[in-house]
Structures are given as C-alpha cells and as structure tokens.
There are 2 protein chains.
Amino acid sequence: MPLDSTSSLTPNRLLKLWHDALLESVRRDTPDLSARQMSVLLAVYVVPPPHTVRGLSSSMNVSKPAITRALDKLCALDFLRRKPDETDRRSIVVQRTVKGSVFLSDFGDSIAESLKHLDD
Amino acid sequence: MPLDSTSSLTPNRLLKLWHDALLESVRRDTPDLSARQMSVLLAVYVVPPPHTVRGLSSSMNVSKPAITRALDKLCALDFLRRKPDETDRRSIVVQRTVKGSVFLSDFGDSIAESLKHLDD
DNA sequence: CCGAATCATTACGATAACGTATCAAAAATA
DNA sequence: TATTTTTGATACGTTATCGTAATGATTCGG
C-alpha cells in the first residue's frame, strides 16, 4: 500500500499537515521567513527560471520594493544570489545557492515527515 | 483511483504544494499572518482544547509575550477569542470564532485545490 | 495568613517590513 | 541623438514585531 494513500487528504487533514509542518519550522532555530520571503524563495526553486524582480513582483502581486527587500534578506542568508543579466543590464537574474537548496530540501523532508505521522 | 494517489507525495512535490498554496494566500487580499501567528491560529483549530498562553508558548517554543501579541492580532481580526478561565482566574482560554473557522476552512480548501492541480 | 510562585500582560528600546515616491542606469523609441 | 520607458534599488515616514524585563492579579505553600 502506497504511503500517500494516507486515507484521503481532505482539506481538514491538509490543514493539520500544514499545522504540523509549520509548527516544526517555528520550533526550530531555522531563520524565520515571512510568508512573502518564503514565497519568493520557493518560487525560485520550484518554478523554472529565469527569475527577475519584475517577474516575481507580478506573479506574486506584490510591489517591486517588497521583492527587492525580500531578496536582500534571502541573499544575506545566502539562500539566493543576484546575478546581473548580460543581455539586459537593467535586469538581474535571481539564482539558487547550495545553502538555499539544503534549506528547502530539509523543509521538504520535514513536510514529508509530518505527512507520515499525520495520524499520530 | 483515489485522488490522493497523485503519483506519490515526495518531498519535492510537497515543496511545490507548499509553494502553490502559499502563493495563493500571498496573492489574495487575505490578512497576511506571520508564521507564528498562523501557527497559533492553526494550533487552536487543530489541536484539542483547552489552549492557554503558556501552553501555546511552550509547545511552540516561543516566548509568552510573543504569544500575547499574536493573540492581540488574531483577536483583532476576530479569528480567535480570549475567555477568562473560571477555575483559575490568572489564566485565559483561547477559543475559536466563526470568522476564524471560515478563514481556515477556506485555506484548507485552497490547499486541496493546489493539490488537485499539482501537475498543471 | 503571608511570602513565593505563576499567570497574562505591558513597557521599553531595537530591529524589520511596509507602501509610495523617487532615483540612476540602461534600453527602446522617435 | 534626444526623449520616453523600463528595471532594480533607495529614501522616507509609518507600522509591526522582536526579546528582555518589569507589572498587576491570582493561586499556592509553609
């Protein structure tokens, strides 16, 4: 029997999954990112490149300065990297880093763990 | 074939699910809660009562003033309610509200929707 | 009883994030 | 080439949250 046929992921159970995984990340000493910051980070790792400030801004429906600030923090954490766009030097390209990959990979594992113990 | 046997919820796919659902909540005009605030709200709705400040504080590994402040915001939104504990009048009991139930119910539906379209 | 412990909250100064307006630099347009 | 547009970043004042330390109220223990 496949692991995911954890009875059926109803909205209520998904809410519990969200709670468990979120609680784990709040408890841990991991850098606590706002919803926006986390959303930016995930976008870069989950959505195919390239990623620019204006692209993230429009897809998230958030002002450009807010994206710039989120990038400031995520770059300071070394979770993302800004790289000048050679073809259009007004733009920058947001890239992944090893540290960011590890952070999100751990987070993904944490969600999977929460899913595994959803009935405990 | 059950809906949830969506191939198999690997950590990477769970990360994408998290991204999609989080993006939806960032995009929407819904009140944006910090991770801690969301965690408090979810705890009250997902974990069996009773809920007190000290209980939330210790389970989340967060200072009591931080919980009080989160409650300030969540009560202002009418997502939670403080009720004096009759048996021990030093304590308060945190309770659910209709508005909070609706908010979380909608959020659960949103996650379910993201799960449904995980492969789009 | 009366001091000590426990509960939630408030005070405080520091830090972080917000939105709007503006900026310099580069590109597109004319 | 001169003007306009676009891009990402900064400036500015405001609001929100933080952690530590106190505060008032209540309960517990001797």
Side-chain angles (χ1 to χ4, degrees), chain A residues 22-23 25-44 47 49-96, chain B residues 22-23 25-44 49-95:
Chain A
L22 189 61
L23 178 60
S25 82
V26 167
R27 266 202 207 131
R28 291 192 159 277
D29 196 18
T30 174
D32 68 309
L33 306 176
S34 73
R36 285 184 177 182
Q37 291 163 352
M38 191 62 176
S39 192
V40 166
L41 182 61
L42 278 168
V44 174
V47 177
H51 298 281
T52 63
V53 172
R54 69 186 176 286
L56 293 165
S57 171
S58 75
S59 75
M60 292 177 54
N61 198 27
V62 157
S63 73
K64 284 198 295 179
I67 300 293
T68 293
R69 283 187 296 258
L71 289 180
D72 288 344
K73 173 145 184 181
L74 293 166
C75 290
L77 288 169
D78 196 26
F79 284 177
L80 290 177
R81 186 187 356 256
R82 286 174 164 108
K83 192 194 159 204
D85 182 340
E86 300 301 340
T87 74
D88 181 345
R89 303 215 317 246
R90 288 173 303 181
S91 286
I92 64 157
V93 173
V94 184
Q95 295 183 316
R96 309 172 187 181
Chain B
L22 189 61
L23 177 60
S25 81
V26 167
R27 268 203 204 130
R28 291 193 159 278
D29 195 17
T30 173
D32 65 311
L33 306 176
S34 72
R36 285 184 176 183
Q37 291 162 353
M38 191 62 176
S39 191
V40 166
L41 182 60
L42 278 167
V44 174
H51 299 282
T52 63
V53 171
R54 70 186 175 287
L56 293 164
S57 170
S58 75
S59 74
M60 291 178 55
N61 198 28
V62 156
S63 73
K64 284 198 294 179
I67 301 293
T68 293
R69 282 187 296 258
L71 288 180
D72 287 344
K73 174 148 182 179
L74 293 167
C75 290
L77 287 168
D78 195 25
F79 284 178
L80 290 178
R81 185 185 357 254
R82 288 173 163 109
K83 191 193 159 200
D85 182 341
E86 300 302 340
T87 75
D88 181 346
R89 302 214 317 245
R90 289 172 302 180
S91 288
I92 63 156
V93 173
V94 184
Q95 295 182 317

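Chain naming here is simple, since letters A, B, ... match the order of the sequence lines and numbering starts at 1 in each.
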- Contact state string [nucleotides 4-13 of chain D, B base, S sugar-phosphate only, - no protein heavy atom under 4.0 Å]: --BBBBB---
- Note on the structure: All heavy atoms of M60(A) vs all of R36(A), minimum pair found to be CE-O, 3.9 Å
- Query: Can you tell me if the side-chain N/O atoms of R89(B) get under 4.0 Å from OP1 or OP2 in dC28(D)?
  - Reply: no
- Message: Just the rounded figure in Å: distance from C1' of dT6(C) to CG of D85(B).
- Response: 13 Å
- Query: Do you see a donor-acceptor pair shorter than 3.5 Å between the side chains of R54(A) and S91(A)?
  - Reply: yes
- Item | Euclidean distance, atom CG of residue D32(A) to atom C1' of dG19(D) [Å, nearest integer] | 13 Å
- Item | Q37(B) vs dA16(D): side-chain N/O to OP1/OP2 distance below 4.0 Å | no
- Message: Side chains of V62(B) and V40(B), heavy atoms from C-beta outward: is any pair under 4.5 Å?
- Response: no
- Any donor and acceptor pair, going by atom type alone, linking the side chain of T52(A) with main-chain N or O of V93(A) inside 3.5 Å? no
- Message: Rounded to whole Å, how long is the line connecting atom CE of M60(B) with atom P of dT17(D)?
- Response: 13 Å
- Starting from P on dT9(C), measure out to NZ on K73(B) and report it in whole angstrom. 17 Å
- Message: Quick check for you: to the nearest 0.5 Å, what is the distance between R69(A) atom CZ and S34(A) atom OG?
- Response: 10.5 Å
- Message: In whole Å, I'd like the distance from the CG atom of D29(A) to the P atom of dG19(D).
- Response: 11 Å
- Give a yes or no answer on whether the side chain of S59(B) reaches the backbone of G55(B) with a donor-acceptor pair at less than 3.5 Å. yes
